[in-house]
> 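The structure under discussion is supplied below as structure tokens; questions concerning it will follow.
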Amino acid sequence: VQLQASGGGLVQPGGSLRLSCAVSGSGISSMGWYRQAPGKQRELVAGVTGGGNTYYADSIKGRFTISRDNAKNTVYLQMNSLKPEDTAVYYCRVVATMIQYWGQGTLVTVSS
């Protein structure tokens, strides 16, 4: 299983970005996004189960939306109303046949 994340970049506060993570492989169940800010531990941002149930960190509820396209084996993270504290490296993670896999990370910088 291989993951290819994209979509990060520099955005002003209040702006939007959409992250994508294309997954090659089979047997994928849950998919999700984590982030790691400088000097902090990696934390869960959002996830979507194989059945389509979604869950979010409290800090981003109402601003971020996770979705998945099973036909394309891709998970997305739509990020709106971005704040400077959202600055981090964002990683996608999937579970396939009970093994977790991580993408390479994509940097999101929210700054004016």
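This chain uses plain numbering: 1 for the first residue, then up along the sequence.
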> Is the count of non-hydrogen atoms from other residues, nucleotides or ligands lying under 6.0 Å from E85 atom CD greater than 12?
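Enclosed: over 12 neighbouring heavy atoms sit under 6.0 Å from CD of E85.
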> Taking atom OG1 of T87 and atom CZ of R35, what is their separation to the nearest 0.5 Å?
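Reported to 0.5 Å precision, the distance equals 9.0 Å.
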> Return the minimal non-hydrogen interatomic distance between P13 and S111, and the atom names on each side.
CD-C, 3.6 Å
> For R68 versus N70, what's the shortest heavy-atom pair and its separation?
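Result for this residue pair: NE-OD1, 2.8 Å.
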> Calculate, to the nearest 0.5 Å, the distance between atoms OG1 and OH belonging to T106 and Y91 respectively.
10.0 Å
> Return the SG to CZ distance between C21 and R93, rounded to the nearest 0.5 Å.
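These two atoms lie 12.0 Å from each other.
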> Quick check on the hydrophobic clustering: are V23 and Y34 connected, directly or via other members, by side-chain heavy-atom contacts under 4.5 Å?
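No; Y34 is not reachable from V23 via cluster members.
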> Please tell me whether M79 and V48 are part of a single hydrophobic cluster in this structure, the criterion being side-chain heavy atoms less than 4.5 Å apart.
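Same cluster.
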> To the nearest 0.5 Å, tell me how far T109 OG1 sits from D86 CG.
11.0 Å
> Measure the shortest side-chain to side-chain distance between Q78 and S16 over non-hydrogen atoms and say whether it is less than 4.5 angstrom.
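Sidechains of S16 and Q78: in contact.
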> Spell out, yes or no, whether F64 and V89 are grouped together once hydrophobic residues are joined by side-chain heavy atoms under 4.5 Å, including indirect joins.
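No, F64 does not connect to V89 through the hydrophobic network.
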> Over all heavy atoms of both residues, which pair between S26 and A96 is shortest? Give the atoms and the distance, please.
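For S26 versus A96, the nearest heavy atoms are O-CB, 3.7 Å.
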> May I ask you to test the L19-V108 pair for a side-chain heavy-atom distance under 4.5 Å?
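Yes, at least one pair of side-chain atoms sits under 4.5 Å.
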> So, taking the atom named CD1 in I60 and the one named CD1 in I66, what distance separates them when rounded to the nearest 0.5 Å?
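Answer for the CD1-CD1 pair, I60 versus I66, is 8.5 Å.
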> Should I99 and V95 be counted in the same cluster of Ile, Leu, Val, Met, Phe, Trp and Tyr side chains packed under 4.5 Å apart?
no
> About how many Å separate OG1 of T65 and OH of Y76, when rounded to the nearest 0.5 Å?
14.5 Å
> Of all the heavy-atom pairs spanning T49 and Y55, show the shortest one and how long it is.
CG2-CE2, 4.1 Å
> Please give me the minimum heavy-atom distance between L3 and C92, naming the atom from each residue.
CD2-SG, 3.5 Å
> Flag yes if Y101 and I28 sit in one hydrophobic cluster, no otherwise; membership is Ile, Leu, Val, Met, Phe, Trp, Tyr, and two members link when side-chain heavy atoms are under 4.5 Å apart.
yes
